[in-house]
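Report on the structure given below.
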Number of protein chains: 2
Amino acid sequence: MATLKTRDHIVEAADQLFYSQGYTHTSFSNIASAVNISRGNFYYYFKTKDEILDAVIKLRLADTGAQLAQWESADGHAADRIRSFINILIANRTKIKQYGCPVGTLSTELAKLNHASQDQANALFTLFRAWLRRQFTLLGHKTDADELAMHLLSRSQGVATLANAFNDEEFIRHEVRHMCAWLESLTKKTPLTESSAHHV
Amino acid sequence: MATLKTRDHIVEAADQLFYSQGYTHTSFSNIASAVNISRGNFYYYFKTKDEILDAVIKLRLADTGAQLAQWESADGHAADRIRSFINILIANRTKIKQYGCPVGTLSTELAKLNHASQDQANALFTLFRAWLRRQFTLLGHKTDADELAMHLLSRSQGVATLANAFNDEEFIRHEVRHMCAWLESLTKKTPLTESSAHHV
DNA sequence: GTCTATACCTGGATAGAC
DNA sequence: GTCTATCCAGGTATAGAC
């Protein structure tokens with residue numbers, strides 16, 4: 001449908017602009033001109049800027065959820081899935097160097113604005129956290145799965161922030177190797193037989 | 001001097017507001033009313049908003065530099081100084097939970113704005129980086145001192161970001177213990193394995 | 001559904017009285 | 001050094017023609 005198409009274009013353009021310029025700094029004019037529609041037409045789809053933000057976050061939640069579900073349904077060891085997570089830093093290195101992590105920077109910005117959609121944006125973090133927690137549980141870490149999930153999430157956030165500040169790709173690669181070695185050390189402590197025993 | 005006093009008050013108020021609300025979201029009116037002066041008077045001291053940002057960054061650079069110099073001139077081993085750095089997360093936990101890290105969030109915001117003062121803001125990171133590098137060198141890590149400095153800086157950035165998103169103080173404390181253990185493993189001359197150093 | 005026109009406000013910035 | 005008054009640009013948001 002043509003209706004859905006324009007709306008989707010708006011959300012997609014807003015998504016990119018919120019990431020590259022930040023939510024506050026992005027104006028309706030910016031989005032409108034990116035989609036090649038007039039500002040007036042804009043309000044046919046969204047009545048306020050907050051509504052667009054809401055739609056953008058919902059889109060990101062859906063996309064992220066789909067990606068994680070795909071990794072989870074694929075064959076392979078939990079450690080491989082965690083490695084897929086770590087490698088996001090490599091796959092998205094160019095944009096991360098320019099704009100940081102889309103999840104972290106939005107969360108940080110909305111926190112300072114004390115924005116109503118703050119919690120919804122943080123649900124993106126929760127999505128990753130719960131997914132990682134499941135993978136670590138599968139690795140046999142029953143009691144500390146959440147701590148490990150938060151630790152890895154935290155590491156990747158720090159890498160994104162500094163890679164952005166210093167525009168340093170080699171730093172990303174170095175830290176990714178570091179994180180993979182850390183993951184390796186975790187799996188060595190819990191051999192396959194043991195983690196299989198913990199498997200539900 | 002009365003002149004310096006008002007100017008200093010402006011910079012101080014701007015410093016706090018830029019931290020708690022972000023640079024973009026903070027208006028002249030916000031700062032003026034915080035200092036209890038009129039907006040007009042404002043321009044006697046600063047001609048543009050960029051000039052205020054510049055002054056704020058200079059203030060932060062001076063304050064941070066003084067703090068690091070003090071730690072460096074004090075008696076004690078390099079490891080103790082690095083622990084002082086790590087413990088910033090504990091000391092500032094309340095504000096970090098609310099607003100994140102002042103260095104990281106400003107750097108992130110200015111990157112998205114593509115602001116002219118970006119590099120100057122990142123000099124704050126460089127200040128910490130160089131200081132940490134010196135401490136790690138003193139610990140005997142001649143070749144990888146910079147990697148270790150970046151690693152620790154990165155870890156603390158990640159902790160600040162997630163502590164802010166989840167408003168989680170226990171997470172800060174847990175990760176601080178984690179970092180101290182990691183530091184401890186570095187100071188040992190022959191750690192059991194490389195990977196064990198990265199795990200609690 | 002899409003446009004133009006426009007109202008309204010806030011923010012940055014200036015002029016000039018005191 | 002501090003104020004009030006004011007200008008202008010840009011942003012959000014609405015009304016209504018097509």
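Numbers restart at 1 for each chain; the letters A, B, ... are given by sequence-line order, proteins then strands. The shown structure was predicted, so the numbers you read here are calculated from the model rather than taken from an experiment.
Among the heavy atoms of the strands lying under 4.0 Å from Ser27(A) are primed sugar atoms or P, OP1, OP2 only; no base atom is included. Among the heavy atoms of the strands, none lies under 4.0 Å from Thr24(B). Here Phe28(A) lies in heavy-atom contact (under 4.0 Å) with sugar-phosphate atoms only.
One can place CZ of Arg39(B) at 10 Å from C1' of dA13(C), the figure rounded to the nearest angstrom. Regarding Phe42(A), its CZ atom lies at a distance of 18 Å from the P atom of dA15(D), rounded to whole Å. In this structure, His25(A) atom NE2 and dT12(D) atom P are separated by 11 Å, rounded to whole Å. One can place CG of Asn41(B) at 17 Å from P of dA17(C), the figure rounded to the nearest angstrom. Atom OH in Tyr44(A) sits about 21 Å away from atom C1' in dT12(D), given to the nearest Å. The distance between atom OH of Tyr45(B) and atom C1' of dA13(C), rounded to the nearest whole Å, is 18 Å. dT4(D) atom P lies 12 Å from atom CD1 of Ile37(B), rounded to whole Å. Rounded to an integer number of Å, the gap from Lys47(A) NZ to dG11(D) P is 22 Å.
Checking dC3(D), dT14(C), dT14(D) against every side-chain atom of Tyr43(A), the shortest atom distance belongs to dT14(D). Of the candidate nucleotides dA13(D), dA13(C), dT2(C), dA13(D) has the atom lying nearest to any side-chain atom of Lys49(A). Closest to the side chain of Ser38(A), out of dC3(D), dC3(C), dG11(C), is dC3(C).
The phosphate of dT2(D) (OP1 or OP2) has a side-chain N or O of Thr6(B) nearer than 4.0 angstrom.
Because its NZ or CZ atom is both nearer than 6.0 Å to the ring centre of Phe166(A) and within 45° of the ring axis, Arg129(B) counts as a cation-pi partner of that residue. A cation-pi arrangement is absent between Lys112(A) and Tyr19(B), since the terminal nitrogen or guanidinium carbon is not both under 6.0 Å from the aromatic centre and inside a 45° cone about the axis. A cation-pi arrangement, defined by a distance under 6.0 Å to the six-membered ring centre and an angle within 45 degrees of its axis, is present between Lys49(B) and Tyr23(B).
Here CG of Asp146(A) is found 8.5 Å from OG1 of Thr137(A). Values are rounded to the nearest 0.5 Å.
No donor-acceptor distance shorter than 3.5 angstrom exists from the side chain of Asp168(B) to the backbone of Ala163(B), with no hydrogens or angles considered.
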